[in-house]
Visitor: 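Quick one: structure below, then a few questions.
Since the structure is predicted, the reported quantities are computational estimates derived from the model, not experimental observations. Per chain, numbering begins at 1; letters A, B, ... match sequence-line order.
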Number of protein chains: 2
Amino acid sequence: MDEASFLAAYDPRDYPPVAVTVDVVALTIRDGKLCVLLVERGHQPFAGQRALPGGFVRIESLAEAALRELAEETGLTPGVDDLERVHLEQLRTYGNPDRDPRMRVVSVAYLAFAPSLPEPTAGSDAARAYWVPVEEAKDLAFDHDEVFADGLERARSKLEYTPLATAFTGTEFTIGELRQVYAAVWGEELHAGNFHRKVLSVPGFVESTGGTTAKGGERGGPKAKLYRAGDARLLHPALLRPTREDRVR
Amino acid sequence: MDEASFLAAYDPRDYPPVAVTVDVVALTIRDGKLCVLLVERGHQPFAGQRALPGGFVRIESLAEAALRELAEETGLTPGVDDLERVHLEQLRTYGNPDRDPRMRVVSVAYLAFAPSLPEPTAGSDAARAYWVPVEEAKDLAFDHDEVFADGLERARSKLEYTPLATAFTGTEFTIGELRQVYAAVWGEELHAGNFHRKVLSVPGFVESTGGTTAKGGERGGPKAKLYRAGDARLLHPALLRPTREDRVR
DNA sequence: CAAATAGTGTCTTTCAGACAATATGAC
DNA sequence: GTCATATTGTCTGAAAGACACTATTTG
């Protein structure tokens with residue numbers, strides 16, 4: 001059987017129907033707090049409940065679907081807004097047979113790290129989307145509590161051994177701003193002096209722009225030097241989270 | 001609209017047909033070499049070419065589908081064979097629109113770590129499946145070259161910070177055997193003395209059984225103490241790969 | 001000036017890796 | 001005996017974390 005005749009005989013309807021969706025755990029930092037993008041569901045199932053943004057995959061790659069959903073829900077326009085700076089990576093896929101009461105739905109979850117984006121109040125779809133501090137994101141629809149928890153843990157872990165913290169900042173940032181990103185994501189303060197020396201000692205993490213901030217801090221302090229993201233894709237050595245007491249046993 | 005009437009009005013055929021499959025990157029160590037399970041494809045597309053074992057997801061969880069495919073291809077029977085000791089984890093999902101010429105196929109890839117299993121010569125499906133040393137696994141069907149590369153890198157990485165190397169050994173093993181697992185997966189020899197001390201110093205990695213091997217090594221040496229896997233799920237501190245020269249930039 | 005922040009210096013402890021040394025048992 | 005392997009010891013250098021200190025800027 002050659003490929004052409006095989007294709008002719010191939011009937012997709014031979015297989016039980018499955019829908020494939022993407023869900024996005026989009027994280028950003030607003031007012032020093034780590035926030036996740038949630039939408040209020042307008043229809044069944046789980047109408048009125050909050051959920052992660054997502055939707056059906058069209059004729060596009062999975063990553064494209066995730067970025068499209070993110071753009072739609074935030075009301076931002078690729079090419080116009082800062083959407084290019086969003087870091088997007090696949091999280092994992094959820095496919096238990098009963099996770100959606102309507103039919104078999106397999107959902108590919110993506111994790112997005114975004115610099116501070118405007119509150120999504122613009123377009124149609126974005127009307128019911130908003131940023132929620134992570135500790136308030138509970139009782140989500142479907143299995144999204146689990147998806148969100150997985151995404152949050154992945155984000156916290158990735159900050160340890162990759163330079164992705166810079167995905168939460170502007171293109172230029174101070175070491176102090178970078179430290180606040182770590183503090184927000186990990187949920188604990190870091191020692192300023194040790195963090196400073198550590199970041200500069202990791203090759204390729206940040207590189208100096210030569211400039212400094214125009215003013216000192218709001219509550220005092222000298223002008224800080226400015227940095228941009230370096231070319232490292234992995235941090236060697238890593239910045240490990242302080243709380244390692246709770247070894248996972 | 002309540003949920004019942006919604007379900008009545010819901011037609012799965014409203015969505016473009018997508019098939020969901022699982023593919024398995026199953027790794028084991030045979031004769032000191034890291035091997036991957038491959039199947040010879042019997043029909044189009046890619047007939048005659050080698051591929052990762054896999055198939056369509058039925059009414060089951062994704063992990064169950066992966067384990068079922070693995071059992072079918074190896075000819076092993078859950079409950080009878082050592083299939084319970086196989087470690088299975090989700091790798092990632094591949095869903096580019098053109099990755100299968102027949103239709104849109106989204107494939108959820110799983111990574112399996114298995115202790116040395118018998119060569120699959122038994123049952124019907126398993127006839128064309130065999131273990132191949134990883135360096136010989138090339139030119140696979142579909143996008144399986146990429147899937148396999150991702151799985152291999154994940155396995156190498158996981159050995160650094162989890163105790164999963166013990167998934168490749170018997171329930172009891174010597175430190176030397178454990179070192180050979182690391183050597184096989186990472187593809188480089190490790191210093192015996194340093195490795196020995198290191199493994200014993202990581203809390204919860206291994207625990208002594210009190211026993212020793214009956215005989216010394218084949219080419220001489222004292223009897224080695226026996227250990228079993230400990231209760232740690234993460235290694236603190238981690239066993240980092242020696243070759244960190246090639247920083248990923 | 002008081003307070004806050006940037007950035008640096010120092011010390012201790014832990015750990016990785018190089019290397020050595022000793023002990024045991026197969027052949 | 002010879003050799004491979006198991007196991008332990010020693011040393012050096014890198015790095016983390018605690019703490020202290022100076023400099024700078026805002027209010």
Side-chain angles (χ1 to χ4, degrees), chain A residues 32 159-161 169 172-183 186 188-206 208-227 232 234-245 247, chain B residues 32 159-161 169 172-183 186 188-203 205-206 208-227 234-245 247:
Chain A
L159 252 57
E160 293 190 307
Y161 59 94
T169 68
E172 296 196 353
F173 51 86
T174 68
I175 304 292
E177 286 167 356
L178 194 63
R179 176 166 46 81
Q180 285 166 34
V181 169
Y182 275 89
W186 285 348
E188 55 192 320
E189 292 306 311
L190 297 174
H191 187 285
N194 289 340
F195 181 86
H196 193 106
R197 185 168 358 89
K198 171 78 191 184
V199 166
L200 295 185
S201 77
V202 176
F205 191 179
V206 299
S208 174
T209 68
T212 67
T213 54
K215 294 167 51 72
E218 292 187 6
R219 294 187 291 273
K223 294 168 184 167
K225 291 179 187 163
L226 286 171
Y227 297 84
L234 289 175
L235 302 184
H236 266 302
L239 280 91
L240 298 180
R241 274 175 279 189
T243 24
R244 57 175 57 166
E245 310 311 327
R247 288 197 174 83
Chain B
L159 253 57
E160 293 190 307
Y161 58 94
T169 68
E172 296 195 352
F173 50 87
T174 68
I175 303 292
E177 286 167 355
L178 194 62
R179 176 166 46 81
Q180 284 166 34
V181 169
Y182 275 88
W186 285 349
E188 53 192 321
E189 291 307 312
L190 298 174
H191 187 285
N194 289 339
F195 181 85
H196 197 266
R197 187 172 355 90
K198 170 81 192 183
V199 166
L200 294 185
S201 76
V202 176
F205 191 1
V206 299
S208 175
T209 68
T212 67
T213 53
K215 295 165 49 74
E218 293 188 5
R219 294 188 291 273
K223 294 168 183 167
K225 292 178 187 163
L226 286 171
Y227 297 85
L234 289 175
L235 303 183
H236 266 303
L239 281 90
L240 298 180
R241 272 175 280 189
T243 22
R244 57 175 55 166
E245 311 310 328
R247 288 200 174 80

Visitor: Would you list the protein and nucleotides 10-12 of chain C atom pairs, both N or O, that sit under 3.5 Å from each other?
Guide:
from: dT10(C); atom 1: O4; to: R197(A); atom 2: NH2; distance (Å): 3.4

Visitor: In terms of side-chain heavy atoms of H191(A), which of dG27(D), dA20(D), dT7(D) is nearest?
Guide: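 Selected nucleotide (nearest to the side chain): dA20(D).
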
Visitor: Taking atom CG of L234(B) and atom CD of E160(B), what is their separation to the nearest 0.5 Å?
Guide: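 Reported to 0.5 Å precision, the distance equals 13.0 Å.
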
Visitor: State, with a plain yes or no, whether a side-chain heavy atom of L226(A) is found less than 4.5 Å away from one of T174(A).
Guide: yes

Visitor: When the distance from OH of Y161(A) to C1' of dA15(D) is rounded to whole Å, what number comes out?
Guide: 21 Å

Visitor: Using atom CZ of R241(B) as one end and atom P of dC15(C) as the other, report the distance to the nearest whole Å.
Guide: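 It is 21 Å, rounded to the nearest whole Å.
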
Visitor: Using atom CD of Q180(B) as one end and atom C1' of dT5(D) as the other, report the distance to the nearest whole Å.
Guide: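 Result: 11 Å.
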
Visitor: Taking the side chain of P222(A) as heavy atoms from C-beta outward, which of dA15(D), dT5(C), dT24(C) is closest to it?
Guide: dT5(C)

Visitor: Nearest 0.5 Å, what's the CZ-CG distance between F205(A) and L178(A)?
Guide: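 The CZ atom of F205(A) sits 4.5 Å away from the CG atom of L178(A).
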
Visitor: For H196(B) and dT7(D), is the shortest distance between a side-chain N/O and OP1 or OP2 below 4.0 Å?
Guide: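 True: H196(B) side-chain N/O within range (under 4.0 Å) of dT7(D) OP1/OP2.
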
Visitor: Tell me which of A238(B) and A214(B) sits closer to the 5' end of DNA chain C, going by the nucleotide each one is nearest to.
Guide: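 It is A238(B), whose closest nucleotide lies nearer the 5' terminus.
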
Visitor: To the nearest 0.5 Å, tell me how far I175(A) CD1 sits from H196(A) NE2.
Guide: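 The NE2 atom of H196(A) is 5.0 Å from CD1 of I175(A), to the nearest 0.5 Å.
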
Visitor: Rounded to whole angstrom units, what separation is found between the CZ atom of R179(A) and the C1' atom of dT5(C)?
Guide: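 Atom-to-atom, R179(A) to dT5(C), this comes out as 8 Å.
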
Visitor: Measuring from the side chain of K215(B) (C-beta onward, heavy atoms only), which nucleotide among dT24(C), dT8(D), dC27(C) has the closest atom?
Guide: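 The answer is dC27(C).
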
Visitor: Roughly how many Å is it from CD in E189(A) to P in dA18(D), rounded to a whole number?
Guide: 14 Å

Visitor: Checking V181(A) against F173(A) for the side-chain contact (heavy atoms from CB on, under 4.5 Å) test, could you report, in this order, the C-alpha distance in whole Å, the side-chain angles of both residues, the deciding distance, and whether it holds?
Guide: CA-CA 11 Å; V181(A) 169; F173(A) 51 86; over 6 Å; no

Visitor: Could you work out which one of dT5(D), dT7(D), dG25(C) sits closest to the side chain of I175(B)?
Guide: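 The closest nucleotide is dT7(D).
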
Visitor: For E177(A) and dG7(C), give me the distance from atom CD to atom C1', rounded to whole Å.
Guide: 16 Å

Visitor: Can you measure K225(B) atom NZ to dG25(C) atom P for me and round it to whole angstrom units?
Guide: 13 Å

Visitor: Is the shortest side-chain N/O distance from R219(A) to OP1 or OP2 of dT25(D) below 4.0 Å?
Guide: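 Checking R219(A) against dT25(D): no side-chain N or O falls below 4.0 Å of OP1 or OP2.
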
Visitor: Please state how far atom CZ in F195(A) lies from atom C1' in dG9(C), giving the value in whole angstrom units.
Guide: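 My rounded result for the distance is 19 Å.
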
Visitor: Say whether, by atom type as modelled, one donor and one acceptor occur between the side chain of T213(A) and the main chain of G216(A) under 3.5 angstrom.
Guide: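 Here the side-chain-to-backbone pair does not exist.
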
Visitor: Could you check S201(B) against Y227(A) and say which one's nearest nucleotide on DNA chain C is further toward the 5' end?
Guide: Y227(A)

Visitor: How far does CG of L200(B) sit from NZ of K225(B), to the nearest 0.5 angstrom?
Guide: 8.0 Å

